[in-house]
Amino acid sequence: MDLIDKIDKKRLPKHIAIIMDGNGRWAKKRSKEHIFGHINGVVSVKKITEACSNLGIKFLTLYAFSTENWNRPKQEVDAIMDLLYDTIHNETKNFMDNNIRLMVIGNLELLNEKCYNNLMKAIEQTSANTKMTLVLALSYSSRWEIVNTTKIIAEKVKNNDININDINDDLFSSYLTTASIPEPELLIRTSGEYRISNFLLWQIAYTELYFTPKLWPDFREDDLYEAIIDFQGRERRFGKTSEQLNNL
Ligand code: FPP
């Protein structure tokens, strides 16, 4: 029996988020530059996007570049931006053929003009696609997002557009960059690190976490299926007891 056949297609997570980690170590093992790992990481991006779409996952969020990643050597940052540009440019047709919508979350003001325009074009072009939404977290950090959201809401309170007593979880969520996206049910991190690294801190309050030692460029369809099978074996209680859940 193939791994994919062990997945209950009726209980798929609607939204999977992935911290793609280990590109550098993958390259180092092969005595190559860091960027060689990122180039091979793009192969995993393509394979996992296709696998999620074929399975029927509705949202896939990939942590492609964090706010902190801007502090990497300029040569590496430039190479990642070029890779991003090329990948989006080359994959837009594929997104159209496969009915995939592209979205981006993050502080996009920091991207260079060429990259920004390229992304906006692909987002616009794919905006009516409905099979799956691929969300790229780019120049993203959760603390940036939470602070930014707080500023927006504070401004609205100051202008009497929002009453301070109306601020609650739902209102706050509706001003996050992820307002139109359901919270992830499964978060995968590759490379054997047990950290969240400033990713979707608000949104993962009840998310199931899955850590794998696989380095991102080695992460393939079967690794994704294993994570989903593991997720489906868990009991999600949202603060309730097992008995309460079973009586629902
Ligand atoms: C983490 O590995 C990965 C990144 C910081 C960048 C990920 C980028 C890509 C896969 C390419 C561009 C993406 C898209 C969506 C086209 P690391 O460098 O931190 O690895 P290490 O921890 O082993 O050093």
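Every number for a ligand or one of its atoms is a count from 1 in the order of the listing.
Between the side chains of Tyr140 and Glu145, a donor-acceptor pair is found at a separation under 3.5 Å. Side chains of Trp70 and Ser139: a donor on one and an acceptor on the other come within 3.5 Å. When only modelled atom types and interatomic distance are considered, Thr133 and Arg101 share a side-chain donor-acceptor pair under 3.5 Å. Side chains of Glu68 and Asn198: a donor on one and an acceptor on the other come within 3.5 Å. Using modelled atom types and a 3.5 Å distance limit, the side chains of Arg189 and Ser197 yield a donor-acceptor pair.
In terms of protein heavy-atom proximity, atom 8 (C) of ligand 1 is closest to Ala64 O, 3.6 Å. Shortest contact from atom 4 (C) of ligand 1 to any protein heavy atom: His38 CE1, 3.7 Å. For atom 19 (O) of ligand 1, the closest non-hydrogen atom on the protein side is Arg72 NH2, 2.8 Å. Ranking the protein heavy atoms by distance from atom 9 (C) of ligand 1 puts Asn23 ND2, 4.1 Å first. The protein atom (non-hydrogen) at minimum distance from atom 1 (C) of ligand 1 is Met20 O, 3.2 Å.
Using a 4.0 Å cut-off to heavy atoms of Leu136, the atoms of ligand 1 that qualify are 15 (C). Of all atoms in ligand 1, numbered sequentially from 1 with element shown, those under 4.0 Å from a heavy atom of Gly24 are 17 (P), 18 (O), 20 (O), 21 (P), 23 (O), 24 (O). Against a heavy-atom cut-off of under 4.0 Å, Val42 is close to the following atoms of ligand 1: 11 (C). Close approach to Thr87 involves these atoms of ligand 1, each under 4.0 Å from a residue heavy atom: 16 (C).
Polar contact with ligand 1: present for His34 (N/O pair, distance under 3.5 Å). The N/O atoms of Trp26, backbone and side chain alike, include none that comes under 3.5 Å of an N/O atom in ligand 1.
Sorted by first and then second residue, the ring-ring contact (aromatic ring centres under 6.0 Å, His included) pairs with a member in residues 36-57 read Trp26-Phe36, His34-His38; sequence neighbours excluded.
Partners of Asp97 by salt bridge (Lys or Arg N to Asp or Glu O under 4.0 Å), not counting sequence neighbours, listed by chain and number: Lys93.
With a heavy-atom cut-off of 4.0 Å, Asn69 touches ligand 1 through its side chain alone.
Residues Ile7 and Ile229 are in side-chain contact: their nearest non-hydrogen atoms beyond the backbone lie under 4.5 Å apart. By the 4.5 Å heavy-atom criterion applied to side chains, Lys14 and Lys58 are counted as neighbours.
Summarising the local packing, CZ of Arg143 is surrounded by 12 or fewer heavy atoms from other residues, nucleotides or ligands at distances under 6.0 Å.
Ligand 1 has Gly22 within reach: a non-hydrogen atom of the residue lies less than 4.0 Å from it. Not a single heavy atom of Leu62 sits less than 4.0 Å from an atom of ligand 1.
Atom 14 (C) of ligand 1 has its nearest heavy-atom neighbour, among Ile39, Asn90, Leu84, in Leu84.
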